[in-house]
There are 2 protein chains.
Amino acid sequence: MTQAVRHDAMRARNLALVLGEVSARGSVTRAALAEITGLAKTTVSKLVGDLIEAGLVIETGVVRVGERGRPGMEVRVSGRRVAAIGLEINVDYLAARVVDLSRSVRIRRTQPVDNRMTSPGDVIAILQDLALSVVDEAVDSGLRVVGGVLAVPGTVDLATGTVHSAPNLGWRDVPLLSLLRTPFPLRVDNEANLAALGELWFGAGHPDFLHVSGEIGVGAGLIVRGELFRGFHGFAGELGHVVVSPGGPPCRCGGHGCLETYAGQDVLLAAANAELGAGIAGLLAELDAGNRDALAACERAGWALGVALSSAVNLVDPGTIVLGGIYAPLFPWIGGVVTETLAARLGQMREVVPSVEVSRLGTEAATLGAAGQVIQQVIADPAALLNA
Amino acid sequence: MTQAVRHDAMRARNLALVLGEVSARGSVTRAALAEITGLAKTTVSKLVGDLIEAGLVIETGVVRVGERGRPGMEVRVSGRRVAAIGLEINVDYLAARVVDLSRSVRIRRTQPVDNRMTSPGDVIAILQDLALSVVDEAVDSGLRVVGGVLAVPGTVDLATGTVHSAPNLGWRDVPLLSLLRTPFPLRVDNEANLAALGELWFGAGHPDFLHVSGEIGVGAGLIVRGELFRGFHGFAGELGHVVVSPGGPPCRCGGHGCLETYAGQDVLLAAANAELGAGIAGLLAELDAGNRDALAACERAGWALGVALSSAVNLVDPGTIVLGGIYAPLFPWIGGVVTETLAARLGQMREVVPSVEVSRLGTEAATLGAAGQVIQQVIADPAALLNA
DNA sequence: CCGAATTAGTCTAAGTTATGGACTAAATAT
DNA sequence: ATATTTAGTCCATAACTTAGACTAATTCGG
């Protein structure tokens, strides 16, 4: 249920409203903010004053808005004080990103580690060192890291920060959060979800799409009106196990003919006769060289993706579809088939078939989404930070 | 974005908070409300006073809560003043229901009309007469009908109230809302969505489920945390066109092997060699008589439903699955297969496979959901009604 | 070059709502 | 019969937002 609204909550909401508009518009004058929000000039001035004092917003300079009259003083979100950290454990690397409140990426750090060969305990130790060193660097440049999120390729219990199952890492029931000691509040979340959020805040721009994360598994994150759809238990978006053909190849989930058995990374590499060790780069080389098996594998994967996505479109009606992860570099070979398959299965029903686009972020999406989530939280409720 | 919060908005939200708790708990004392909401006793008293004055809430009587002390005066939502109307156009009938603010169904009216044989104009005329007569009856018993929603089996543009496409009625681009003259504000919405909402407010009780409406087409409404998920264009929940087998029978949507080609009403009847004219009753008779074709058709439909639902569960992660429409009476013959198919495809991945339940409402779900939506709106923002 | 017009931002008195604590009311326990 | 406990009201106060007066900084017209 909603909470009781007292004077302080009223103020908190208006503070968030103002900061949200400043963040969305880049820079605005107080007068414009009053116009936009419907709040009185006085109120806006006071709220902006508080935000400036807290270091969340800075005055950028005088700008003439209309033809005549006193020019306004524009303000924008300050990137000097508050920052957030995004962490990621993936199959073959650990990564950290620091993003400031204005959504500029301040620090990028990626560290190759074969996490399938390493015990969870060791991975966690390395990750903790990485996080601490990155935070030190951030603090040195005057930033205050107010929080962080850790992206993991698997299902996560958000409340406890426990990894329920991460098949690609070979992890089961690892209480990640309680094993990590960080000098900032940390949460753990699913990599596909965070990648979708990353795309939302740092990529495409539109606030309605289904973001597909092709990795060894295939995940998806659905963004509706700028918000992530999680489902009841938080496991929504398991596109990899949507049915493509019920009599198809057996899948590790127990079913048959899931999308993953057609379009997962390992399957693609195997079907293309590319070296598994070379990863996606090897496949790309084969494709460039015109390897028929590789081309056929992509064709098949694209068709399967189209079939699965047609089910997804019918069920959740996304605005557009963004292909990320390994599908981003493979887009030239699969984009066309996906679009055609989708159109063939949806064209009669819908006036508009969602367009299929490429992600602009590549592998960085999840870490950026992770850090972005903390930033978003500050912008959505700055009062929580001021009063803390 | 959120709106500016002024004193009146603060009051409006607290009013909604109090009324919401009263509605959710049946009857409560002011003291308990203060405890629950966190508002001061004084504030609760004033808010409840306003709600009583507006006729939205009434005092029911003195009740002893604790062991000692002055007994509290309980209040509950009043069903005496405010009511809403739910209307439905379906293939072979028109229906109207009047529901009061306490969610009691006050008037039920169903009128058989073969809407496939009747022009939209004539259908609308009959519906308007029905609506007016029902509202008259409601007014006679002291109710004030504050709004209504009309359920239609097809895709609807919510903003304009235009039926985009209703294949079972044979309608295309009918501007329903602008053709209807009603003495209350009216909206038009999709039947499957409203049926899900009906189940939410008048049926199962839990606030997280996927409600499947089996009719000639197969639709679904997803309820998450008590809210309907609509998707970007408002067309989410088209379960009928989720892929069961990509090489399956051709579907009117242009695709192949959609769920509808296995589990739609007409397909079921045809496969069971039941008379199409007799409708679902005919099929039920055949099943009771042990007709092998009919049993096999149900087996096949249940399997297909299970396959499609496994995709749905992977994508949207519903709390439970509720089977409504024709699947409610057919549940004894399909429920088992659906559950088994679902378990076989999901068991390895998830600890908990959503349970498959029957709808308690049958054909009434959509009209109740329609009226309920208006009631819900009043409870979510009573201030809008007070100030109007 | 100066005054009128225009727009931005601040200051102040007033309005609305919630609150805390004192108060009254109505019951049980001793 | 009195103390204790709980429900609900009353009233002075506090925390916001607001409207409108005011000051500041600019352009326009003569």
Side-chain angles (χ1 to χ4, degrees), chain A residues 2-18 21-22 27-53 57-76 382-383 386-387, chain B residues 2-18 21-22 27-53 57-76 382-383 386-387:
Chain A
T2 358
Q3 272 301 300
V5 181
R6 270 155 271 195
H7 292 103
D8 57 337
M10 173 161 74
R11 186 170 186 73
R13 291 190 63 101
N14 287 336
L15 218 41
L17 179 65
V18 167
E21 289 298 335
V22 173
S27 35
V28 230
T29 65
R30 287 161 235 250
L33 281 169
E35 180 84 16
I36 294 160
T37 59
L39 291 165
K41 285 192 296 176
T42 316
T43 313
V44 170
S45 279
K46 257 189 286 192
L47 295 170
V48 169
D50 283 6
L51 291 171
I52 288 175
E53 203 184 339
V57 145
I58 44 171
E59 296 189 323
T60 54
V62 169
V63 172
R64 202 162 308 111
V65 176
E67 292 295 292
R68 307 202 282 214
R70 172 179 169 179
M73 174 64 85
E74 284 196 328
V75 295
R76 64 172 173 73
L386 302 204
N387 303 334
Chain B
T2 357
Q3 275 298 302
V5 180
R6 268 155 272 197
H7 292 100
D8 56 336
M10 173 161 74
R11 189 171 184 73
R13 290 192 62 101
N14 286 336
L15 218 40
L17 180 66
V18 168
E21 289 300 336
V22 173
S27 35
V28 229
T29 64
R30 289 161 235 250
L33 282 169
E35 180 84 16
I36 293 160
T37 61
L39 291 165
K41 284 191 298 176
T42 315
T43 312
V44 170
S45 279
K46 257 189 286 192
L47 294 170
V48 169
D50 284 6
L51 290 170
I52 288 174
E53 203 182 339
V57 146
I58 44 173
E59 295 190 325
T60 53
V62 169
V63 171
R64 199 163 312 109
V65 176
E67 292 296 291
R68 305 205 280 215
R70 172 181 170 177
M73 174 64 84
E74 284 196 325
V75 295
R76 62 171 173 77
L386 302 204
N387 303 333

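Naming: A, B, ... by sequence-line order, numbering from 1 per chain.
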Length of the line joining Leu47(B):CG and dT16(C):P, which is rounded to integer Å: 16 Å
statement: side-chain contact (heavy atoms from CB on, under 4.5 Å) filter on Val62(A), not counting sequence neighbours, yields Pro71(A), Met73(A)
message: Between the opening five pairs and the closing five pairs of the helix from dC1(C)-dG30(D) to dT30(C)-dA1(D), how far apart are the helix axes, to 10°?
response: 0°
Side-chain donor-acceptor contacts of residues 41-49 of chain B below 3.5 Å, not counting sequence neighbours, with atom names and distances?
from     : atom 1 : to       : atom 2 : distance (Å)
Ser45(B) : OG     : Lys41(B) : O      : 3.4

message: Which residues pass the side-chain contact (heavy atoms from CB on, under 4.5 Å) test with Ile58(B), not counting sequence neighbours?
response: Arg76(B), Ser78(B)
- prompt: Just how far, in rounded Å, is C1' of dT16(C) from CZ of Arg11(A)?
  reply: 16 Å
- request: Look up atom CG in Leu33(A) and atom CG in Leu39(A), then write down how far apart they are to the nearest 0.5 Å.
  value: 9.0 Å
- prompt: Is the shortest side-chain N/O distance from Asn14(A) to OP1 or OP2 of dC16(D) below 4.0 Å?
  reply: no
- prompt: What string of B, S and - do you get for nucleotides 21-30 of chain D 5' to 3' if you count protein non-hydrogen atoms under 4.0 Å?
  reply: ---BBBSS--
- prompt: Between Ser45(B) and dG8(D), is there a side-chain N or O to OP1/OP2 distance below 4.0 Å?
  reply: no
query: What's the CD-C1' distance between Glu74(A) and dA8(C), to the nearest Å?
result: 12 Å
message: According to side chain to side chain donor-acceptor pair (under 3.5 Å), who are the partners of Arg13(A), at least two apart in sequence or on a separate chain?
response: none
- prompt: Rounded to the nearest Å, what distance is computed from the NE2 atom of residue His7(B) to the P atom of nucleotide dT16(C)?
  reply: 10 Å
Any N/O donor-acceptor pair, Thr42(A) side-chain to dA19(D) base, under 3.5 Å: yes
query: How long is the line joining CZ of Arg30(B) and C1' of dA26(C), in whole Å?
result: 15 Å
task: Specify the closest pair of heavy atoms between Val63(B) and Glu74(B), including all atoms of both residues, with the distance to one decimal.
output: CG2-OE1, 3.5 Å
message: In this structure, how many angstroms lie between the P atom of dA8(C) and the CD atom of Glu35(A), rounded?
response: 9 Å
- prompt: Which residues pass the side chain to side chain donor-acceptor pair (under 3.5 Å) test with Arg11(B), sequence neighbours left out?
  reply: Asp50(B)
- prompt: Below 3.5 Å, does any donor atom in the side chain of Thr29(A) face an acceptor in the base of dG9(C), or the other way round?
  reply: no
query: To the nearest angstrom, how far is Lys46(B) atom NZ from dT16(C) atom C1'?
result: 10 Å
task: Find the distance Leu33(B):CG to dA18(C):P and express it as a whole number of Å.
output: 14 Å
statement: By side-chain contact (heavy atoms from CB on, under 4.5 Å), Ala31(A) pairs with (sequence neighbours left out) Thr29(A)
- prompt: What residues, two or more places apart in sequence or in another chain, satisfy side chain to side chain donor-acceptor pair (under 3.5 Å) together with Glu59(B)?
  reply: Arg30(B)
